[in-house]
Amino acid sequence: MFRYLIRRLLWAIVLFVAVSFVTYVIFFLVPANPARLAAGQSATPEKVEEVKEFLGLDDPIYVQYANFLKRLVFEGSLGQSFLTRQSVNSEIMRAAPITASLVFGGMIFVLLMAIPIGIFSALRPRSLLDRAAMMYVLIGISLPSFWIGLMLSYLVGYRLGLTPIAGYCEVFSVPEASQCGGVLDWAYHLILPWTTLGLVIAGTYVRFVRAEVMETMTQDYVRTARAKGAPENVVMRSHVLRNAMLPVVTMVGMDIGLLLGGAIFIEAVFGLNGLGGTAIESIGRFDLPVLQGVVLFGAIAIIVFTLFVDLLYAWIDPRIRLT
Amino acid sequence: MAPLLEVRDLRTQFHTDDGTVQAVDSVSFTVDKGQVLGIVGESGCGKSVTCLTIMGLNDPRLSMSSGEVLYKGENLLTASSRRLREIRGAEIAMIFQDPMTSLNPVHSIGRQLAEAVLLHKDSSKKEARARALEMLEAVKIPRADRRIDDYPHQFSGGMRQRVMIAMALINNPDIVIADEPTTALDVTTQAQILLLLKELQRDFGSAIIMITHDLGVVAETADDVLVMYSARIVERGATDSIFKQPRHPYTWGLMGSLPRLDVNVDRLVQIPGQPPSLLRPPPGCRFHPRCPYAMTVCHEKEPPSVAVPGDPEHEDACHLDAAAKQREARQLLGAIYETEAAR
């Protein structure tokens, strides 16, 4: 177990270096001049050269990359934005909670919806509820997230006026100038984004849960449980669900990791300035340190959640040994 | 004395997309206390479904049963699902064919055994665990006290089947239904499991319904035999009587196709063709398309079950006349014995 963790950690580092390097290289392959953008429209060529030197952009790429790694390892710093000179760490720290709020809340919404519907569909295949659920699955899979987001925003937020149309409220450390703050405002502002994420992703999950439960119900050990005299709720809880949920756990973990890299469309629709928005903004401005920060955060999120899923899996399924 | 279990005119149908399948057709038999009844037949002849119907384990949305399954006088087909749950695992227990898939992979075997106790008895978890351990020892799992917390994947097939047997017997049931308990195991393990079942049957005094396609298993374990073909019983009787004097051409086929290590035969006798589809069974005697003795009447009329003269317990359903049956049976058995003698 301990050796397994060490090995996974070493792999994570390798992966981390690879991802950061690739981002670096791609960035430099794009024919653009970040110094020019940073210096501003009216800057003279001399000024641009000065900026270039200041930002270290005149060094060869491997030197820049080495400097980046050195700063990261020894100072724990992702550097500073080319444009704002803000620390990238604090930029990520600002944006990550917003995306995390969206993703975790949305995922809870997904599971609350998908697991019961999936199970009922599996128990009563071809029933009205099952057909309705499958219809919904088709819609959920087919419609793009930004369309659902805009529709909800228009209908629920604007027409009915039940929720805010967009925006985000801090839970802790509410800024002085902000008009809202605290858990209630935070949740109130996130209802629509959560619903959107939920509606978009839950479809896939409903279908997945349904298929897994149906598959598990045909297993011999479920028949064994019934032959022992177990009532249906015990059969379901103790014998079907635990086995059926195994693959679902994997999917949830992977999706959370993936979404933490930025649920770009939903963030954009609801004006949430999370990681997705930050990434897009930094790409537009060729702000490499910020982009690099978001990419690495996403990579780490995926690495961490994959590891978490593997550990969880080993805990749920005794057949899996971590060696 | 009334029998422990009496099955009367049991019929089970399944609704499939292709139509209705009559999986069990007017099957009747009785099981007495401590009796071992063998049910023999090819795959798909309805022997497993018969037992699942007794247990009430068919999917109620897809199947329909009629007739009577009287357990101590109580009709299980009309019993409430609550009452059925009380009986299942406590009074009638079941051992399944494939021990590799019949245990839940995510629970330890101790927990799965204890669950069977806790579902039926008002005992503490500790008592249930102690009982589980006792049963693991009874089925001769080596170092049971250490293995009780192991998971199914840590056991071999034979050991898992022992666990299944322990689970079936843990509540001292009156009847154990063993659905091909040795089919998925290798030959040496098969012998061990059969021996174990026989021993435990003696110790626990449970009646056993042994479902198998292997006449050898029946010969070794059963007091009485039902031979099923295409959802119906074609021959029944005491095991001795059936082996000494098989009456139905299908039984002859089964006996002729038994591989024997002690006899040198060039070729095993086989029953030609496939078992008929239960969706559209052949008219008359269902065995006639494969029967070398088929007569015109076999195509038209279903043969009634008739007792063997001088052996009222032994019945068979075949249009051949008694003399012909005797002659052919003697010839078949003679052939087996002759090759044996020649060797």
Side-chain angles (χ1 to χ4, degrees), chain A residues 1 119-131 209-210 212-250 309-323, chain B residues 48 51-52 54-62 81-109 111-121 149-154 160 163-164 167-168 170-171 173 176-177 179 184:
Chain A
M1 177 72 182
I119 292 172
F120 278 117
S121 284
L123 287 177
R124 301 266 177 281
R126 301 184 195 188
S127 67
L128 203 63
L129 181 113
D130 182 39
R131 282 173 207 274
V209 170
R210 176 181 185 266
E212 284 300 323
V213 170
M214 283 177 102
E215 154 84 24
T216 312
M217 293 220 297
T218 64
Q219 293 293 322
D220 287 349
Y221 55 78
V222 173
R223 192 182 52 187
T224 306
R226 292 208 177 97
K228 273 198 263 188
E232 277 309 296
N233 60 338
V234 173
V235 171
M236 210 52 206
R237 207 176 51 231
S238 171
H239 296 277
V240 176
L241 286 186
R242 177 120 179 232
N243 284 286
M245 284 307 128
L246 275 171
V248 179
V249 167
T250 317
V309 164
D310 286 349
L311 295 178
L312 194 65
Y313 220 97
W315 180 66
I316 305 179
D317 189 344
R319 280 168 298 184
I320 294 165
R321 287 253 195 83
L322 302 177
T323 44
Chain B
S48 292
C51 292
L52 289 173
I54 294 171
M55 296 281 282
L57 284 176
N58 289 321
D59 189 334
R61 280 169 295 172
L62 303 174
S81 54
R82 191 198 169 91
R83 176 73 190 125
L84 274 178
R85 280 205 304 274
E86 280 171 16
I87 291 173
R88 282 204 288 260
E91 298 178 54
I92 306 178
M94 197 155 176
I95 301 167
F96 294 100
Q97 178 172 353
D98 191 350
M100 305 310 268
T101 56
S102 294
L103 288 163
N104 191 334
V106 303
H107 295 313
S108 71
I109 55 144
R111 176 174 167 174
Q112 295 188 55
L113 284 168
E115 185 187 20
V117 178
L118 293 170
L119 281 167
H120 296 289
K121 296 216 166 72
D149 291 317
D150 281 354
Y151 290 90
H153 70 277
Q154 291 161 303
R160 287 190 212 186
V163 172
M164 287 300 294
M167 195 185 286
I170 201 162
N171 290 318
V176 173
I177 300 174
D179 188 357

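Not measured: the values here are computed from a predicted model. Throughout, a chain's letter reflects where its sequence line sits, starting with A, and its residues are numbered from 1.
For a residue to count as touching a neighbouring chain, one of its non-hydrogen atoms must lie under 4.5 Å from one of that chain's; by this rule Met167(B) touches chain A with the side chain only. Proximity to chain A is absent for every atom of Glu86(B), based on heavy atoms less than 4.5 angstrom apart. Within the 4.5 angstrom heavy-atom criterion, only backbone atoms of Leu103(B) (N, CA, C, O) approach chain A. Heavy atoms of Arg242(A) lying under 4.5 Å from chain B belong exclusively to its side chain. Residue contact with chain A, scored on non-hydrogen atoms closer than 4.5 Å, involves the side chain of Leu52(B) exclusively.
Enclosure of atom CZ in Arg83(B) by more than 12 non-hydrogen atoms of other residues, nucleotides or ligands within 6.0 angstrom is indicated. A 6.0 Å sphere centred on OH of Tyr313(A) holds more than 12 heavy atoms belonging to other residues, nucleotides or ligands.
The backbone N or O of Lys228(A) lies less than 3.5 Å from a partner atom in the side chain of His120(B), making a donor-acceptor pair.
Annotation: residues 215-223 of chain A contacts chain B through Asp220(A), Tyr221(A), Arg223(A) [non-hydrogen atoms, separation under 4.5 Å].
Side-chain contact between Arg126(A) and Arg61(B): absent, with no pair of heavy atoms (C-beta onward) separated by less than 4.5 Å. Looking only at side-chain heavy atoms (C-beta outward), Pro318(A) and Asp150(B) stay at 4.5 Å or farther from each other.
Rounded to the nearest 0.5 angstrom, Asn104(B) CG and Thr224(A) OG1 are separated by 9.0 Å. Here the CG-NE2 distance, from Asn243(A) to His107(B), works out to 7.0 Å after rounding to the nearest 0.5 Å.
The nearest pair of heavy atoms linking Ala227(A) to Met94(B) is CB-CB, 4.4 Å.
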